[in-house]
Amino acid sequence: MLTIATVGRRFPSGTEALRDASLRLQTGDFVALLGPSGCGKSTLLRLIAGLDQPDSGTITWDAGHKPQPGEIGYVFQDATLLPWATTEENVFLPLRLRGLTRTQAQRDIAAVLARVGLTGFESARPQQLSGGMRMRVSIARALVTKPKLLLMDEPFAALDEFTRHKLQADLLALWRDLGCTVVFVTHSIYEAAFLARRIVLMTPRPGRIAREIQSSLAPSPETRLDPAYATLVADISKAMEAALA
Ligand code: ADP
């Protein structure tokens with residue numbers, strides 16, 4: 001899908017956030033970018049989204065494909081919803097920006113809200129929803145344009161552990177059903193091990209890709225109870241310690 005080749009990013013402030021980062025994304029991947037805070041994970045995600053440009057290296061879409069608006073979905077740690085708008089209106093926003101009327105968008109909005117478990121909450125405003133539900137709205141808003149690539153920047157970091165576990169399991173089901181490619185930024189080894197097929201370990205600033213670990217765990221909620229999950233967490237922890245040394 002996408003090749004990131006020896007990408008570097010130094011901000012005008014002088015901070016070198018990324019150095020020589022290389023990664024290939026295959027269609028259907030679920031990749032976790034894992035590393036401590038400040039190691040350049042969000043910077044790399046923004047570069048993939050085209051929200052920022054690298055100072056060195058290249059990011060190339062396969063077959064010269066340039067992503068069109070709506071082909072990339074982006075979910076932030078904060079749900080970033082319009083506080084005065086209802087669930088439906090918040091999810092409608094990307095389609096409205098693409099020129100669709102509410103009537104044209106209605107079926108897609110209803111389908112995506114059903115898919116994230118928000119049927120019945122169409123008219124609620126963000127302050128009437130729990131943190132987990134607000135994040136579901138945010139995910140629905142990212143999915144309503146049917147993106148090929150879903151970029152997620154620590155979307156569950158602010159949620160309590162029970163809600164986080166539920167949303168993680170639901171995200172895996174979504175990924176299996178929708179077949180889109182996911183790049184997920186996290187500083188949680190447990191989260192990366194549970195969700196991702198490929199765990200990409202980054203070093204502290206300037207962020208570099210230290211190594212990649214493949215997961216063969218089943219993408220399923222039962223994975224948390226699987227001894228192989230504990231082994232994978234231990235393997236990632238050891239590799240992360242080496243990357244931080
Ligand atoms: P992470 O997502 O791994 O926590 P970031 O990619 O957000 O890390 O940031 C990497 C480094 O770059 C940090 O030191 C951060 O302060 C710095 N940084 C991020 N964005 C900017 C910016 N726009 N201008 C200057 N420095 C930035």
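Every heavy atom of this structure was used, including side-chain atoms; hydrogens, water molecules and symmetry mates were not. Counting convention: from 1, in listed order, for ligands and their atoms alike.
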| What class does the angle between the rings of F30 and F184 fall in, given that below 30° is parallel, 30 to 60° is tilted and above 60° is perpendicular? |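 F30 vs F184 ring planes: tilted.
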
| message | Any non-hydrogen side-chain atom of R96 less than 4.5 Å from a side-chain atom of R102? | response | no

| message | With a 4.5 Å cut-off on side-chain heavy atoms, are D226 and L217 touching? | response |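 Yes, side chains in contact.
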
| query | Do you see a donor-acceptor pair shorter than 3.5 Å between the side chains of Q106 and Q104? | reply |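 Not at all, the side chains of Q106 and Q104 share no donor-acceptor pair under 3.5 Å.
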
| Exactly which residues line ligand 1, taking a heavy atom under 4.0 Å from it as the test? | F11, S13, T15, A17, P36, S37, G38, C39, G40, K41, S42, T43, R205

| query | Considering all heavy atoms of both residues, which atom of W84 and which atom of E89 are nearest to each other, and what is their separation? | reply | O-OE1, 4.4 Å

| query | Can you tell me how far the CD1 atom of I72 sits from the NZ atom of K148, to the nearest 0.5 Å? | reply | 10.0 Å

